[in-house]
Amino acid sequence: MLTSFPGAQLAIGPPITDGFYYDFDIGRPFTPDDIELLEGKMHKILAEDQPFDREVIDRDQGLEMFADQRFKTEIITDGEASQGVGDGVITVYRNHDFVDLCRGPHVRSTGFLSAFKLLRSAGAYWRGDEHNPQLQRIYGTAWNSQKDLDAYLERLEEADRRDHRKLGVALDLFSFPSELGSGLAIWHPKGALVRKIIEDYSRNTHLAHNYDIVSTPHVAKANLWETSGHLDFYAEGMYPAMELDHGQEYYVKPMNCPFHILVYQSSARSYRRLPMRLYELGTVYRYERSGVLHGLLRIRGFTQDDSHIFCTEAQLAEELQALLDFTLMVLRDFGFTDFEADLSTKPEKAIGDPELWDRATDALRASLEVADLPYEVAEGEGAFYGPKIDVHVRDAIGRRWQLSTIQVDFAQPENFSLEFNSPQNTRERPVMIHRALMGSIERFAGILIEHYAGAFPGWLAPVQAAILPVADRHNDYAAGVADELASLGLRVEVDDHDDTLGEKVRRAITAKTPAVLVVGDDDVEHGTVGLRLRDDEGEERGVPVPDAGRRLVELCAPPR
RNA sequence: GCUGGCGUAGCUCAGUGGUAGAGCAGCUGCCUUGUAAGCAGCAGGUCGUGGGUUCGAUCCCCACCGCCAGCUCCA
């Protein structure tokens, strides 16, 4: 770096998962040519097996040694242990003329570094603070062998092939027309069908688990958001106010909770009717900063499978236990099997009775223990209004996604002065649980697309069976087969394009349709189909239509 | 929001200071097809939007919109 870019200012360069980065300031961004040049030099240095030597120096020596490096000087002045600056002692590693702060340990020589690749450069803030100047960060990946490196690069390509934004176009599921604005999606017929299947599943399972479905509007007066505290704590995440008659301000909802609270408040509540579980597929809008938007995974308009549970303090533990079981059931139904959770505890600045915090946190922890869910405690990471559990899943290629969140909320019942009548006919304050299992339907769909690489299991596939007439004289028979299968509840499509069979087969396969049925002369004569299943090799000829129907119904059976 | 890159047909992309091209998709015709692309023809673009420079801008400059990578953010 210093030989190629004399005067370059070096910041920090730590190892990270799968590799490393280093932040520099060379007064301009790096170009792809710069990266290539640096990578070439690095390969040369590795081949020369240059030694790294550890030295321990004192603070004054350090300041002198790094006098022309302002970031290093700052690190020494601030005494950052992670960078090798200890109490009056500094460890540095020397490699020929180059010397850098480093806590160590360090490989003995450059020959120990066998396989790496520089991946990209991008801006990054000094010390990660957006108020500080931006540096240029170079990312690289490093492995024990070329084989490991190749495998890693292959994983990156696999992730790229699964990218839901690309599959969304290829499978004609959704799009983001620029006319709409950033972070707003439209769902095409096939995508909307997948959504409907997910949403129907969600509604049905909630009804089956003693939730009450409610329905609420998209906007509400400013006053409601003042009461809920959103205008104090969340205003920058909200779309700006709309002013109506007499200067009355309305806001589009970023969350559903205040509406569900109003449902709770619509009548006097008794302990006999708690817990009360209000559920809604609630569409909300949040003003996410433009740079964070990412396909369906980070979007400005989305629909939550949202519920607010109102219960007594005494009911909290049992309710949380049942809720976590319900959550895992839902996630398993969508094909996820590996779960990890975070338990976020009381932050320094928090509201509510500390004893209540303890009990709620213990209840959350107990539910994790009973469910045998591996979890980590995120000390002090809870919201100011209550502790929470976040559930993460691993997808088919091992990536971790946060899906479900279960939050205990001591604040909103207070804000809205919620009450219920106790057995002693006193007025008590309920506890609220705020929870979303899929999180957002859009994001969940996006994650499913990546998890399944677009090849949805039968029950989620928008088209479960494609029926391909060999020649156009078989179109009528194909339509008859389609009717028969549709009457069994299957989603089928006849491909009557004027194309060769090979072309139609290719179209059905690239659309990742679970079952491809071919019908020709033999089939018309015998009442059969040729059957080719996505997950099986080869094809089967002469399958009687009722048999094919039975098998497809089984293949496409929903989890419940 | 910040830094950098990008925006050409429905999709994927080429290209040029003198108003543009390919493949796929689409349409039409031929073919009547038995398991991953049959053949031919046609049509399709205000080159993201608005300003500026220029005799002339899709190309150069500025702003905005949108996309991508990373940073920051996600109560």
Side-chain angles (χ1 to χ4, degrees), chain A residues 21 23 25 28-32 34 119-139 160 163 165-166 168-170 172 175-184 188 228-238 254-255 257 286-295 297-300 347 349-350 381-386 388 390 402 405 407 409 411 434 439 443 466 468-475 497-511 516-524 528-532 537-542:
Chain A
Y21 67 78
D23 289 344
D25 184 2
R28 65 166 177 88
F30 291 105
T31 66
D34 295 336
L119 295 175
R120 66 178 78 86
S121 71
Y125 299 104
W126 168 233
R127 294 183 185 283
D129 185 334
E130 64 179 314
H131 302 294
N132 283 338
Q134 253 190 345
L135 309 173
Q136 296 302 318
R137 175 171 299 176
I138 295 179
Y139 282 93
D160 194 52
D163 190 317
R165 295 165 299 183
K166 292 184 176 170
V169 174
D172 196 17
S175 59
F176 293 89
S178 57
E179 290 88 336
L180 281 184
S182 226
L184 300 170
H188 303 189
S228 69
H230 285 97
L231 282 178
D232 282 339
F233 291 101
Y234 198 70
E236 76 287 354
M238 294 167 70
M255 292 181 193
C257 11
R286 296 182 186 174
Y287 186 76
E288 303 280 7
R289 295 165 89 181
S290 59
V292 307
L293 299 169
H294 183 87
L297 303 181
R298 193 82 181 266
I299 196 173
R300 283 182 176 158
K349 199 170 152 245
E381 291 296 309
F384 69 89
Y385 52 72
K388 65 171 178 177
D390 292 319
Q402 189 199 315
T405 179
Q407 305 195 347
D409 186 347
H434 174 123
R443 186 177 127 89
L468 317 183
V470 171
D472 55 14
R473 65 175 175 278
H474 310 121
N475 284 359
H497 286 81
D498 181 16
D499 287 317
T500 58
L501 182 63
E503 176 76 47
K504 294 181 195 183
V505 168
R506 179 171 189 280
R507 186 154 46 230
I509 288 174
T510 50
V516 178
L517 278 59
V518 173
V519 295
D521 288 331
D522 298 346
D523 300 297
V524 173
T528 58
V529 298
L531 188 57
R532 174 179 180 132
E537 288 290 313
E539 82 261 5
E540 230 179 300
R541 292 280 294 273

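Below, chain A is the first sequence line, B the second, and so on; all start at residue 1.
- You'll find that the side chain of A:D522 is closest to B:rG34, out of B:rU32, B:rG34, B:rG26.
- OP1 and OP2 of B:rG1 both lie 4.0 Å or more from every side-chain N or O belonging to A:H131.
- Residue A:R137 places none of its side-chain N or O atoms closer than 4.0 Å to OP1 or OP2 of B:rA69.
- Contacts of A:G128 with the nucleic acid, taken as non-hydrogen atoms under 4.0 Å apart, involve only primed sugar atoms and P, OP1 or OP2.
- Residue side chain A:Y21 does not reach the base of B:rG70 through any donor-acceptor N/O pair under 3.5 Å, judged by distance alone.
- Atom CD in A:Q134 sits about 14 Å away from atom P in B:rG1, given to the nearest Å.
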Worked verdict on A:H497 versus A:R507 for side-chain contact (heavy atoms from CB on, under 4.5 Å): CA-CA 11 Å; A:H497 286 81; A:R507 186 154 46 230; 3.3 Å; yes
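- Computed from coordinates, the A:M238 CE to B:rC73 C1' distance equals 18 Å when rounded to whole Å.
- Rounded to whole Å, the separation between the P atoms of B:rU33 and B:rG38 comes to 15 Å.
- Base contact: A:D523 has a heavy atom under 4.0 Å from a base atom.
- With C1' as the reference atom, B:rG5 and B:rA9 are 24 Å apart, rounded to whole Å.
- One P atom belongs to B:rA22, the other to B:rG45, and the distance between them is 14 Å to the nearest Å.
- Taking atom P in both B:rG70 and B:rC64, the straight-line distance is 24 Å, to the nearest Å.
- Counting to the nearest Å, the P atom of B:rC73 and the CZ atom of A:R286 are 18 Å from each other.
- Among the nucleotides B:rU35, B:rU72, B:rG66, the one closest to the side chain of A:R289 is B:rU72.
- At whole-Å resolution of the value, CG in A:N132 and P in B:rU3 are 15 Å apart.
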Where protein sits on nucleotides 37-49 of chain B, one letter per nucleotide: B base, S sugar-phosphate only, - none, heavy atoms under 4.0 Å: BB-----------
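- As rounded to the nearest Å, B:rG56 and B:rG18 have P atoms that lie 14 Å from one another.
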Audit row: A:K504, A:V470, side-chain contact (heavy atoms from CB on, under 4.5 Å) steps and yes/no: CA-CA 9 Å; A:K504 294 181 195 183; A:V470 171; over 6 Å; no
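- At a cut-off of 3.5 angstrom, the base of B:rU32 holds no donor-acceptor pair with the side chain of A:R473.
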Verdict with supporting geometry, A:L517 and A:L531, side-chain contact (heavy atoms from CB on, under 4.5 Å): CA-CA 5 Å; A:L517 278 59; A:L531 188 57; 3.4 Å; yes
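- In the interface, the side chain of A:R298 is paired with the base of B:rC73 through a donor and an acceptor atom under 3.5 Å apart.
- Rounded to an integer number of Å, the gap from A:L293 CG to B:rC74 C1' is 12 Å.
- For A:D521 and B:rG34, a side-chain-to-base donor-acceptor distance below 3.5 Å is absent, hydrogens and geometry of angles not being considered.
- Here the closest heavy-atom approach between residue A:R289 and residue A:R300 is recorded as C-NH2, 4.1 Å.
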Derivation of the salt bridge (charged side-chain N to carboxylate O under 4.0 Å, His left out) call for A:R506 and A:D499: CA-CA 11 Å; A:R506 179 171 189 280; A:D499 287 317; over 6 Å; no
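- The C1' atoms of B:rG51 and B:rG4 are separated by 25 Å, rounded to the nearest whole Å.
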Derivation of the side-chain contact (heavy atoms from CB on, under 4.5 Å) call for A:V518 and A:E539: CA-CA 10 Å; A:V518 173; A:E539 82 261 5; over 6 Å; no
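- Map A:V169 and A:A122 each onto its nearest nucleotide of RNA chain B; the residue landing nearer the 5' end is A:V169.
- A:K388 has its NZ atom 10 Å from the P atom of B:rC74, to the nearest Å.
- Between A:T528 and A:V519, the closest heavy-atom pair is O-CG1, 4.2 Å.
- With B:rG34, B:rA69, B:rG4 as the candidates, the nucleotide lying closest to the side chain of A:L501 is B:rG34.
- Comparing B:rA69, B:rG66, B:rG34 by their nearest atom to the side chain of A:R120 picks out B:rA69.
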Secondary-structure notation, RNA chain B, from Watson-Crick and G-U pairs under 3.5 angstrom (| other strand): (((((((..((((....[..)))).(((((.......))))).....(((((..]....))))))))))))....
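- Distance check, rounded to the nearest 0.5 Å: OG1 of A:T405 to CG of A:D390 gives 4.0 Å.
- Comparing B:rG1, B:rC71, B:rU3 against the side chain of A:Y139 picks out B:rC71 as the nearest.
- Here A:E288 lies out of heavy-atom contact (under 4.0 Å) with every strand.
- Residues passing the side chain to side chain contact (heavy atoms under 4.5 Å, CB included) test with A:R298 are A:E288, A:V292, A:H294, sequence neighbours excluded.
- Across all non-hydrogen atoms, the minimal contact from A:P254 to A:R286 is O-NE, 2.8 Å.
- Residue A:R28 is classed as having no contact, given no heavy-atom separation below 4.0 Å to the nucleic acid.
- Summarising the geometry, the separation between CZ on A:F30 and P on B:rG70 is reported as 18 Å, rounded to the nearest angstrom.
- Comparing B:rA40 with B:rG23, their P atoms are spaced 11 Å from each other, to the whole Å.
- Remark: the separation of the C1' atoms in B:rU53 and B:rC73 is 40 Å, to the nearest Å.
- Using a 4.0 Å heavy-atom distance criterion, A:G183 is classed as a sugar-phosphate-only contact.
- Remark: A:D129 engages no residue in a side chain to side chain donor-acceptor pair (under 3.5 Å) (not counting sequence neighbours).
- Taking atom NE2 of A:H230 as the reference point, atom C1' of B:rC74 lies 14 Å away to the nearest angstrom.
- Among residues two or more places apart in sequence or in another chain, the side chain to side chain contact (heavy atoms under 4.5 Å, CB included) test is passed with A:A471 by A:R473, A:H474.
- Residue A:A471 is in base contact, counting any heavy-atom pair closer than 4.0 Å across all strands shown.
- Projected onto RNA chain B by closest heavy-atom contact, A:F233 and A:V529 fall at different nucleotides, the more 5' of which corresponds to A:V529.
- A:Q134 pairs by the side chain to side chain contact (heavy atoms under 4.5 Å, CB included) definition with A:Y125, not counting sequence neighbours.
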